[in-house]
Visitor: 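Dropping a structure here in structure tokens format, bear with me for questions.
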Number of protein chains: 2
Amino acid sequence: MPRQATESPKSRRTLQASKTAAKMLRPGRTEVRPHRFCLAYSITGTFMTQSTPRVADHPAHPQFLSRWSPRAYANDEISEQELLTILEAARWAPSSYNSQPWRFVFARRGTPHWTKLLGLLNEFNRSWAENASALVIVLSKTTFAPPGSTEEVAMPTHSFDAGSAWGYLALQASLSGWHAHGMAGFDKEKTRTELGVPANFAIEAAVAIGKIGDKAMLPEGLRSKEEPSPRLPLQALVSEGTFKG
Amino acid sequence: MPRQATESPKSRRTLQASKTAAKMLRPGRTEVRPHRFCLAYSITGTFMTQSTPRVADHPAHPQFLSRWSPRAYANDEISEQELLTILEAARWAPSSYNSQPWRFVFARRGTPHWTKLLGLLNEFNRSWAENASALVIVLSKTTFAPPGSTEEVAMPTHSFDAGSAWGYLALQASLSGWHAHGMAGFDKEKTRTELGVPANFAIEAAVAIGKIGDKAMLPEGLRSKEEPSPRLPLQALVSEGTFKG
Ligand SMILES: Cc1cc2nc3c(=O)[nH]c(=O)nc-3n(C[C@H](O)[C@H](O)[C@H](O)COP(=O)(O)O)c2cc1C
Ligand SMILES: Cc1cc2nc3c(=O)[nH]c(=O)nc-3n(C[C@H](O)[C@H](O)[C@H](O)COP(=O)(O)O)c2cc1C
């Protein structure tokens, strides 16, 4: 995984935002704890590679900074009820024509389907995701019947809409004390065959859900990456009126 | 917009979930208010077309049910700081290789770029979005340079990843007391030309952000739709081990 250098200049706004974040994150106000101290203490406005470095440029809700994707999972079992609560958040995502193109195939650790879904991942992802509690394949329906019609036509926003559903899933996992880690590294052809996915559904991503484990169990190369990743500065992503890059 | 009939049978689990939601939604626990009463009062587990009908099948955080897409906007101005806070949430979305493919071009009501962005929408969307406070075009970078390389290759998850960023944007808008409404109905060719979007960026969606206005201002046909929409039952979206439709 790349660690972009995102050294945004230390601005008054950044300092302000991190103070606000620190305030928003005082005990009793956050729902997610793992990296609270980082937010409160990283007031330089720069990202430091080794020290869990998330600072908001603007005071968004801290839940968005608290969500992250670990690889050291703790091997727990997850109940069906807990998993469905995580998927429930995805259900309420917005979508074009309210078409709700997202679909989810899951397997929980300790159930007969676990090995099948684990076997879809590439070797690297399998090496850490085998300690997760649930695996989910995210699919999207590429066609839909427009209002007042029964004929299916192409739905151009199926991946975009499934992405927002996955975003809500990941956030709910984090709010529920679990973590979700998206994966593109899996065999899509095998997934289509083994799960029986019809041609008008796209295979979007795999997800490993689990509780955080001891990162000492990871190989050296992954251990140092076991922390929330940085982001490009907001100003690199946003522009007024005209595209700027 | 279609109103799917999603009359899931009234199950013990649904009742349980709606009781939990009602409890989660008592004053002092929610951050989003507009449709609180609906959640608290809709304990039948069915969706009613006319009466703001959201009931969770499982107790996900109520913020996901409180977010919705109005069309009656109140014509307010939004400060750049408020808009950037909404976009900040998008910045922290997960993405494949942390490639962060999302980009946002915005215009605020009362600024020189407003008319240009409004002019990209189709006539229907313009008719209501002209009362919004900000318009945002969501773009995604379709290529990226893999770790250790400087050569750009295709990034298959660009739309999916931009979708999760948009989902966080919409949720932050709702948490901040604003609302965001996604739109596919706009002229993408014109957008590419007028905003100067290069060929390796995809044009994903437009978004209207504003404060809720009086729905009496909407034409009759839209007025009755001015409420949170229903969803398919979770069991129609999720299956264990094998795809089921
Ligand atoms: C669609 C998608 C595919 C991903 N694929 C992989 C993967 O195959 N293996 C992996 O270890 N991480 C994968 N990731 C995790 C990303 O690297 C991670 O989300 C990103 O670095 C941002 O870090 P954060 O989620 O901790 O904020 C993927 C994430 C997404 C959203
Ligand atoms: C990608 C996308 C495109 C959309 N396009 C339009 C549109 O062009 N016009 C419109 O009025 N609503 C549009 N919508 C709004 C959807 O109809 C709405 O999100 C859906 O019915 C779910 O309702 P909710 O967002 O209130 O939960 C769009 C939503 C998304 C996510």
Side-chain angles (χ1 to χ4, degrees), chain A residues 1-2 4 56-61 64-65 67 69 81 84-85 87-89 91-94 96-98 100 102-107 112-113 116 139 147 156-157 159-164 166-168 170 172 175 182 184 195-197 204-205 229 231-232 234 237-243, chain B residues 1-2 4 56-61 64-65 67 69 81 84-85 87-89 91-94 96-98 100 102-107 112-113 116 139 147 156-157 159-164 166-168 170 172 175 182 184 195-197 204-205 229 231-232 234 237-243:
Chain A
M1 300 294 103
Q4 280 101 335
D57 286 350
H58 303 275
H61 193 290
F64 298 109
L65 286 82
R67 183 217 56 77
S69 308
Q81 174 59 31
L84 292 178
T85 299
L87 294 166
E88 176 78 26
R91 181 182 170 219
W92 294 98
S96 187
Y97 285 102
N98 204 14
Q100 307 165 62
W102 42 78
R103 297 293 182 276
F104 307 95
V105 178
F106 71 85
H113 297 292
K116 178 165 80 175
L139 310 155
T157 59
S159 295
F160 185 75
D161 289 337
S164 67
W166 138 248
Y168 289 172
Q172 179 64 54
L175 292 168
L195 305 189
V197 179
E204 299 286 355
S229 55
R231 290 294 182 275
L232 296 165
L234 188 64
L237 308 170
V238 165
S239 57
E240 188 168 2
T242 311
F243 183 78
Chain B
M1 301 294 104
Q4 280 102 335
D57 286 349
H58 303 274
H61 193 290
F64 298 110
L65 286 82
R67 183 217 56 77
S69 308
Q81 174 59 33
L84 291 177
T85 299
L87 295 166
E88 176 77 26
R91 180 182 171 219
W92 294 98
S96 187
Y97 286 102
N98 204 14
Q100 307 164 61
W102 42 77
R103 298 293 183 275
F104 306 96
V105 178
F106 71 85
H113 297 292
K116 178 165 80 174
L139 310 155
T157 59
S159 295
F160 185 76
D161 289 337
S164 67
W166 139 248
Y168 289 173
Q172 180 63 54
L175 293 167
L195 305 189
V197 180
E204 300 286 355
S229 55
R231 290 294 182 274
L232 296 165
L234 188 64
L237 308 170
V238 165
S239 57
E240 188 169 2
T242 310
F243 183 78

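Note on naming: letters A, B, ... go to the chains in the order of the sequence lines (proteins, then strands), and numbering restarts at 1 for each one.
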Visitor: At what distance, to the nearest 0.5 angstrom, does CZ of A:R231 lie from CG of B:N98?
Guide: 4.5 Å
Visitor: Between B:F64 and A:Y168, how do the two ring planes meet: parallel, tilted or perpendicular, split at 30° and 60°?
Guide: tilted
Visitor: What part of A:A184 lies closer than 4.5 angstrom to a heavy atom of chain B: side chain, backbone, both or neither?
Guide: side chain
Visitor: Do you know the tightest heavy-atom contact between A:L84 and B:L234?
Guide: O-CD2, 3.6 Å
Visitor: Picking from B:W102, B:W166, B:F243, which has the most non-hydrogen pairs under 4.5 angstrom with chain A?
Guide: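 Ranked by heavy-atom pairs under 4.5 Å with chain A, first place is B:F243.
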Visitor: Which heavy-atom pair separates B:A60 from A:E88 by the least distance, and what is that distance?
Guide: CB-CG, 3.7 Å
Visitor: What is the distance from atom OG of A:S229 to atom CD of B:Q100, rounded to the nearest 0.5 Å?
Guide: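 One gets 7.5 Å once the value is rounded to the nearest 0.5 Å.
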Visitor: Taking every heavy-atom pair that is under 4.5 Å apart, which of A:A162, A:A170, A:G167, A:P94 has the most such pairs with chain B?
Guide: A:P94
Visitor: If you define the side chain from C-beta out and look only at heavy atoms, does anything of B:W92 sit under 4.5 Å from A:R67?
Guide: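 No, every pair of side-chain atoms sits at 4.5 Å or beyond.
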Visitor: Can you tell me how far apart NE2 (B:H61) and CG (A:L175) are? Round to the nearest 0.5 Å.
Guide: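 The NE2 atom of B:H61 sits 6.0 Å away from the CG atom of A:L175.
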Visitor: Hey, are the side chains of B:T242 and A:K116 touching, using non-hydrogen atoms and a 4.5 Å cut-off?
Guide: yes
Visitor: Name all residues meeting the side chain to side chain contact (heavy atoms under 4.5 Å, CB included) criterion together with B:A205; count only those two or more places apart in sequence or in a different chain, and write none if there are none.
Guide: A:F160
Visitor: Flag the pair B:Q81 / A:P59 as yes when at least one side-chain heavy-atom distance between them is below 4.5 Å, and no otherwise.
Guide: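 Contact flag for B:Q81/A:P59 side chains = yes.
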Visitor: Out of curiosity, B:L237 CG to A:F104 CZ, how far, rounded to the nearest 0.5 Å?
Guide: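 Going from CG on B:L237 over to CZ on A:F104, the span is 7.0 Å.
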Visitor: Counting heavy-atom pairs under 4.5 Å with chain A, which one of B:A107, B:S239, B:P156, B:G182 comes out on top?
Guide: B:S239
Visitor: Quick one, B:H58 and A:L87 - any side-chain contact, counting heavy atoms below 4.5 Å?
Guide: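 Not in contact.
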